[in-house]
Structure formats: C-alpha cells, structure tokens
Amino acid sequence: MQNILQHFRKDEQPFIERVIEWKKEVEDRYAPKLTVFLDPREQHIVQSIIGTHDEINVYSEGAFQEAERKRLYIAPSYFEPTIKDFEIIILKLTFPSKFVELRHPDVLGALLSLGIDRKHFGDIRIDKEIIQFACTKEIALYVKTNLTKIGRINVRIDELENMEELILPQDEWIEKVLTVSSMRLDAILSNSFNISRQKSQNLIRGGKVKVNFALCEETSYELQEGDTISCRGFGRFKITRIEGRTKKDKIRLTIGLFERK
C-alpha cells in the first residue's frame, strides 16, 4: 500500500484507497465493477494501479467521441464489456434558443442544483441550439422528471435515441513544449499562459485556478503528468507528457492547450 501511495499526491490518497478496494472486490468476487464518471486524472490513477494487472482489465467509455469524463469498467480478463454495460444515457435538452443562449456552466449548474453528485454526469456538449449531456442510467429518469428550467428558461429533456446524432468534438488541444524549473503550479501556469510568476501566484491565491476540476490556492502545488489545469479568464491546459530533464537540469514537458473554436 505504501509503495503505491508514494507515487501519488497526499490529497489523492482517499481515491487511491477506493481504487484498491475496487481491485480487491473484482479479484475476490471475480465479477466486474462499473465506476461513476471519472475525470482524466482519476482515470490515470486507475490505469496506473490496475491497468497493468494480468488478470484484470480496465475499459473506459464516455459515449461522446473524445470524451473527457468517462466511466471505467474494471473486469476479470475473461469479460469484455459492450457499450450497454457502461449504462450511459445521453439526454438532449431543447429550449427557446431564439431568445437565449445557454452555456456549459448554466447547464452544469442546473444539473447540480438537483442535488446529484457531479460524478453522475459525463461530458456536456453544446452546438448552437443543441445541448446533449451524458449521465448514469440510474439518475436519468430523475433528471428528465425534475429538470424543467435552467435559470428562468423553460427546458425539455428527452433521451437521445440515435447515437449517430451525438455532437462531435469542436474543441482542439494544441501541443506546446515547455521547459520549466519545477513542477510547481505557479511556474507551469506562468509558462503556459506567458504571464509573470507573480501574476500566476495572484491568480492562484485569488481562487481563479483549478487543478483536476478542484479549486487549488496553493502556489507550490506539485503538478503531475495527466493533470488538467484551468484558469479563469485564460483558459485550460493539460500536462500530456513529462519528457525528462535537460542538460541544465530543467524539466521538459508537453502540454495540450485547450482552444475553443
């Protein structure tokens, strides 16, 4: 257990312990385990702990093409899940789009106001007047019944029947190579957005920065491969690869900068 924990951050320990329990559950019962929706960092942790195990396989599905949030299926080697086994429902939302524009935070805020944990929802896709989002099968009926408004706007929710109508990704990740002195949040933030170290520290302390979708106000927070960082007013990026060190002992890494079309 201690050998596993030393490869991850202290704040990730509760989730790691849960993953180890999932692994043991699958081993003991020799039956598959389906998770809720996990963010990319959580998926990385699961793959790191279970993915190389000979007798257990990890499968992922988010329904949408290039989905960010996915459900994982941890299964004995004899079992390979189908798309139905992931129990993902796509709901489509219609509203009077001629008079109002709904954005991602509006939709997510309305969903969370129903008292449902974020982990029951996958990606939210918006294409002009079309809105679709993924959710776990167990809460789909509750959402359809209870989500009647977003703000003051009346909305209607139906289940998407034809998966060929799924909204395709319209965003791009642009690769950028950085050379940084450390993996500190303030150092990588300033390099990624070409701002001063002082400004990046002010943004972090001001509650403008999230790491893996959680608020982080610690300037010296150590980032790792697979982390997703967002900064209000600047955008979002993810650390895709840590390449190693340069001759001057700097860290070379590749990030994906999120660009919305």
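Nothing fancy with the numbering, it's 1 onward along the sequence. Only this structure's heavy atoms are used, side chains among them; waters, hydrogens and symmetry mates stay out.
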ask   = Heavy-atom distance under 4.5 Å between the side chains of P169 and R125, does that happen here?
value = yes
Quiz item: Going by heavy atoms in the side chains, are I188 and L253 under 4.5 Å from each other?
Solution: yes
Residues S220 and R184: closest non-hydrogen pair is CB-NH1, 3.4 Å
What one should report as the nearest heavy-atom pair of K137 and I89 is CA-CG1, 3.7 Å
query = Around K250, counting heavy atoms of other residues, nucleotides and ligands shown, do more than 12 lie under 6.0 Å from its NZ?
reply = no
Problem set entry | Worked check of side-chain contact (heavy atoms from CB on, under 4.5 Å) between I88 and E61 | CA-CA 9 Å; I88 297 174; E61 183 59 62; 4.0 Å; yes
When you compare the side chain of I251 with that of T179, does any pair of heavy atoms fall below 4.5 Å?
no
_Are there over 12 heavy-atom neighbours, none belonging to R252, within less than 6.0 Å of that residue's CZ?_
no
Output for pair (I90 CD1, E161 CD), nearest 0.5 Å, gives 12.0 Å
Is the shortest side-chain heavy-atom distance between T136 and E87 below 4.5 Å? no
Output for pair (I239 CD1, H44 NE2), nearest 0.5 Å, gives 11.0 Å
Is the number of heavy atoms from other residues, nucleotides or ligands under 6.0 Å of E101 CD greater than 12?
no
Hydrophobic clusters here meaning ILVMFWY residues chained together by side-chain heavy-atom distances under 4.5 Å, can you tell me if I126 and L102 are in one? yes
Indicate whether any N or O donor in one side chain lies under 3.5 Å from an N or O acceptor in the other, for D39 and Q43. no
When you check the gap from the basic side-chain N to the acidic O, do E175 and R241 get nearer than 4.0 Å? yes
(Q) Given 3.5 Å as the limit, does a donor-acceptor pair link the side chain of D106 with the main chain of R103, or not? (A) yes
For I74 and V26, the nearest pair of non-hydrogen atoms, with its separation, is O-CG2, 3.7 Å
field: Residue pair M183, E222: steps toward the side-chain contact (heavy atoms from CB on, under 4.5 Å) verdict
entry: CA-CA 5 Å; M183 293 300 292; E222 286 285 318; 3.6 Å; yes
Donor-acceptor under 3.5 Å (T240 side chain, T254 main chain)
yes
Original post:
Are side-chain heavy atoms of S190 and S196 found at a separation under 4.5 Å?
Top reply: no
- prompt: Are any side-chain N or O atoms of R69 and backbone N or O atoms of G62, one a donor and one an acceptor, separated by less than 3.5 Å?
  reply: no
Can a salt bridge be assigned to the pair D186 and R197 using a cut-off of 4.0 Å between side-chain N and carboxylate O?
yes
Are L38 and K70 packed together at the side-chain level, in the sense that at least one heavy-atom pair is separated by less than 4.5 angstrom? no
With clusters defined by side-chain heavy atoms of hydrophobic residues (ILVMFWY) lying less than 4.5 Å apart, directly or transitively, does V155 cluster with L160? no
Taking R156 first and then D158, would you say they form a salt bridge - that is, a charged N and a carboxylate O separated by under 4.0 Å? yes
On a heavy-atom basis, the closest approach of I131 and F95 is CD1-CE2, 3.6 Å
Rounding to 0.5 Å, atoms SG (C216) and CD1 (I229) come to a distance of 9.5 Å
The reported gap from CZ in F64 to CD1 in I124 (rounded to nearest 0.5 angstrom) is 9.0 Å
Review point. In terms of heavy-atom contacts, does NZ of K210 have more than 12 from other residues, nucleotides or ligands at under 6.0 Å?
Key: no
Mind checking whether F15 and L34 sit in one hydrophobic cluster, side chains of I, L, V, M, F, W, Y counted as touching below 4.5 Å? no
Could you tell me whether K176 atom NZ has more than 12 heavy atoms of other residues or ligands within 6.0 Å of it? yes
Q.
Would you say the rings of F86 and Y73 are close, in the sense that their centroids are separated by under 6.0 Å?
A. yes
All heavy atoms of E68 vs all of P40, minimum pair found to be CG-CG, 3.5 Å
Smallest heavy-atom separation, Y142 atom then L114 atom, equals OH-O, 3.6 Å
The reported gap from CZ in R71 to SG in C135 (rounded to nearest 0.5 angstrom) is 9.5 Å
Does V143 belong to the same Ile/Leu/Val/Met/Phe/Trp/Tyr cluster as L108, with side-chain heavy atoms less than 4.5 Å apart forming each link?
yes
Check your understanding: Could R41 and D227 be called an ion pair, given the rule that one side-chain N must be under 4.0 Å from one carboxylate O?
Key -> yes
When rounded to the nearest 0.5 Å, the distance separating CG of L93 from CD1 of I153 is 11.0 Å
Step by step, work out the side-chain contact (heavy atoms from CB on, under 4.5 Å) result for W22 and I49. CA-CA 11 Å; W22 293 342; I49 294 174; over 6 Å; no
Over-ring placement of R236 relative to F258, 6.0 Å and 45° cut-offs:
yes
Worksheet item: Looking at the rings of F237 and F193, which for Trp means the six-membered one, are their centres under 6.0 Å apart?
Response: yes
Legend entry - Y221-D11 side chain donor-acceptor pair, cut-off 3.5 Å: yes
Would you call F121 and F133 a side-chain contact if the rule is heavy atoms closer than 4.5 Å?
yes
| said: Between Q132 (side chain only) and E165 (backbone N and O only), is there a donor and an acceptor less than 3.5 Å apart? | reply: yes
*Could you tell me whether the side chain of E159 and the main chain of L91 form a donor-acceptor pair under 3.5 Å?*
no
Joint cluster assignment, Y59 & V46, ILVMFWY side-chain distance < 4.5 Å
no
Does a side-chain N-to-carboxylate-O contact under 4.0 Å join R18 and E12?
no
Query - Flag, side chain of S192 to backbone of L189, donor-acceptor distance under 3.5 Å - result: no
**Item:** Worked check of side-chain contact (heavy atoms from CB on, under 4.5 Å) between K199 and F234
**Value:** CA-CA 12 Å; K199 183 164 187 176; F234 286 85; 3.8 Å; yes
